[in-house]
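Since the structure comes first, as structure tokens, the remarks are kept for the end.
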Amino acid sequence: MDSAVIPALFVIILGLIVGAAFLRGWVRRSASSAGQRAGDRYTAARTEEILADLGATLVVRDSPAAAAEIVRTVIADRGTTFSLLPDDVLGIRFVEPDDTVARLVPSPEGTLLRVETFREYLGFPQTAPLWRELRALVAAEAATRQIKVADGPVSVFERGPVLDDRNARWFRQARSAFTGPRRWGSRFSGDAIRLDARRAPQGLG
């Protein structure tokens with residue numbers, strides 16, 4: 001074999017080895033980047049779906065007293081999942097009683113049930129199915145009383161500061177972020193409808 005061929009073959013083989021190593025690294029990086037983009041797209045789509053679900057509201061076409069009585073009845077049947085919290089708000093539990101906080105407020109069509117704030121676990125809000133269930137239970141209880149309900153305006157939320165390495169609490173827009181202890185009256189005061197019948201608030205009887 002020509003002595004000049006051997007070095008040429010050596011160079012070609014070395015080039016193939018180096019090229020293969022580079023190609024493997026490029027393929028791995030490309031696959032990782034594509035996976036990250038796919039994960040980001042899924043996360044964004046899933047979060048948008050959950051926010052729309054938690055932003056859904058329910059109008060009870062009756063007085064605040066009637067709507068509060070309906071909510072109290074529903075909570076009494078599902079005390080571990082739904083509970084009354086201080087300052088006349090309703091808590092939905094995933095881990096803690098106030099993971100999601102909702103309340104009743106007056107509306108031109110009657111009384112509005114809406115979510116005010118919720119927190120994430122495992123990077124996502126986890127109480128959307130429970131919020132759907134609560135709205136369905138309230139609607140069913142209203143129907144037994146011949147009270148009509150309807151979908152209300154959709155709430156929009158903004159994400160607050162992170163609570164740990166990946167989870168944060170979200171708040172309904174047009175409210176300042178809650179930074180105090182776990183009492184919600186200072187944040188949601190004004191038009192809240194009282195839910196605790198034992199205090200006999202004005203208008204609830």
Side-chain angles (χ1 to χ4, degrees), residues 46-122 124-157 169-173 175 178 182-185 187-188 190-205:
R46 181 68 180 134
T47 300
E48 184 176 350
E49 178 184 343
I50 293 172
L51 292 179
D53 217 349
L54 288 168
T57 64
L58 186 71
V59 175
V60 180
R61 297 190 184 279
D62 210 318
S63 67
E69 178 59 30
I70 290 170
V71 170
R72 286 194 294 266
T73 299
V74 168
I75 291 175
D77 293 336
R78 293 292 306 277
T80 58
T81 303
F82 309 121
S83 59
L84 293 180
L85 302 179
D87 304 307
D88 301 297
V89 294
L90 166 65
I92 303 176
R93 177 194 293 269
F94 181 72
V95 175
E96 300 292 339
D98 63 350
D99 287 334
T100 292
V101 175
R103 69 168 180 169
L104 292 168
V105 295
S107 82
E109 296 80 21
T111 307
L112 183 68
L113 178 64
R114 72 186 182 200
V115 167
E116 294 290 347
T117 178
F118 52 87
R119 67 152 293 166
E120 301 167 335
Y121 287 97
L122 305 175
F124 291 99
Q126 300 292 334
T127 52
L130 296 174
W131 176 237
R132 285 198 305 271
E133 179 183 0
L134 178 60
R135 298 197 318 271
L137 290 171
V138 169
E141 180 63 26
T144 67
R145 304 173 187 228
Q146 287 77 51
I147 297 174
K148 295 182 178 180
V149 300
D151 293 335
V154 176
S155 296
V156 177
F157 300 97
R169 179 168 283 279
W170 293 71
F171 298 93
R172 192 176 65 84
Q173 283 188 358
R175 300 283 181 176
F178 175 75
R182 283 191 172 187
R183 288 184 62 82
W184 304 100
R187 176 176 169 78
F188 303 130
D191 54 354
I193 294 169
R194 290 186 172 178
L195 289 169
D196 191 346
R198 292 171 298 179
R199 284 186 284 172
Q202 182 179 1
L204 294 184

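Residue I75 holds its CD1 atom at 7.0 Å from CG of L134, rounded to the nearest 0.5 Å. In this structure, the separation between CG on L130 and CZ on R93 is 11.0 Å, given to the nearest 0.5 Å. Distance check: R172 CZ to T117 OG1 gives 11.0 Å after rounding to the nearest 0.5 Å. Atom CD in E69 sits 4.5 Å away from atom CZ in R72 (nearest 0.5 Å). D53 contributes atom CG, which lies 12.5 Å from atom CD of E48 (distance to the nearest 0.5 angstrom).
Between R169 and D99, the shortest heavy-atom distance links the atoms NH1-O, 3.6 Å. For T57 against S155, the heavy-atom pair with the smallest separation is CG2-OG, 3.7 Å. For F157 against E116, the heavy-atom pair with the smallest separation is CE2-O, 4.2 Å. In this structure, P125 and L54 approach most closely via the heavy-atom pair CB-CD1, 3.8 Å. L112 approaches S107 most closely through the heavy-atom pair CB-CB, 4.1 Å. Nearest heavy atoms, L58 versus A139: CD2-N, 4.2 Å.
With respect to the salt-bridge test (charged N to carboxylate O, under 4.0 angstrom), the residues E109 and R61 do not qualify.
W170 and F118 have parallel rings, their planes meeting at less than 30° on a 0 to 90° scale where 60° marks the start of perpendicular.
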Can you check side chain to side chain contact (heavy atoms under 4.5 Å, CB included) on E120 and Q126, steps first, answer last?
CA-CA 6 Å; E120 301 167 335; Q126 300 292 334; over 6 Å; no
In a table with atom names and distances, give each donor-acceptor pair under 3.5 Å that connects a side chain of residues 76-86 to protein atoms at least two apart or in another chain.
from, atom 1, to, atom 2, distance (Å)
R78, NH1, E133, OE2, 2.0
R78, NH2, T81, OG1, 3.1

Could you tabulate the donor-acceptor pairs under 3.5 Å formed by side-chain atoms of residues 142-149, not counting sequence neighbours?
from, atom 1, to, atom 2, distance (Å)
T144, OG1, E141, O, 2.6
R145, NE, E141, OE2, 2.9
R145, NH2, T73, OG1, 3.0
R145, NH2, E141, OE2, 3.0

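Formation of a donor-acceptor pair under 3.5 Å by the W131 side chain with backbone atoms of I92 is not found in this model. Under the 3.5 Å distance criterion, the side-chain polar atoms of S63 are matched with a main-chain donor or acceptor of A66. Of the possible polar contacts, none joining the T47 side chain to the F124 backbone as a donor-acceptor pair under 3.5 Å is found.
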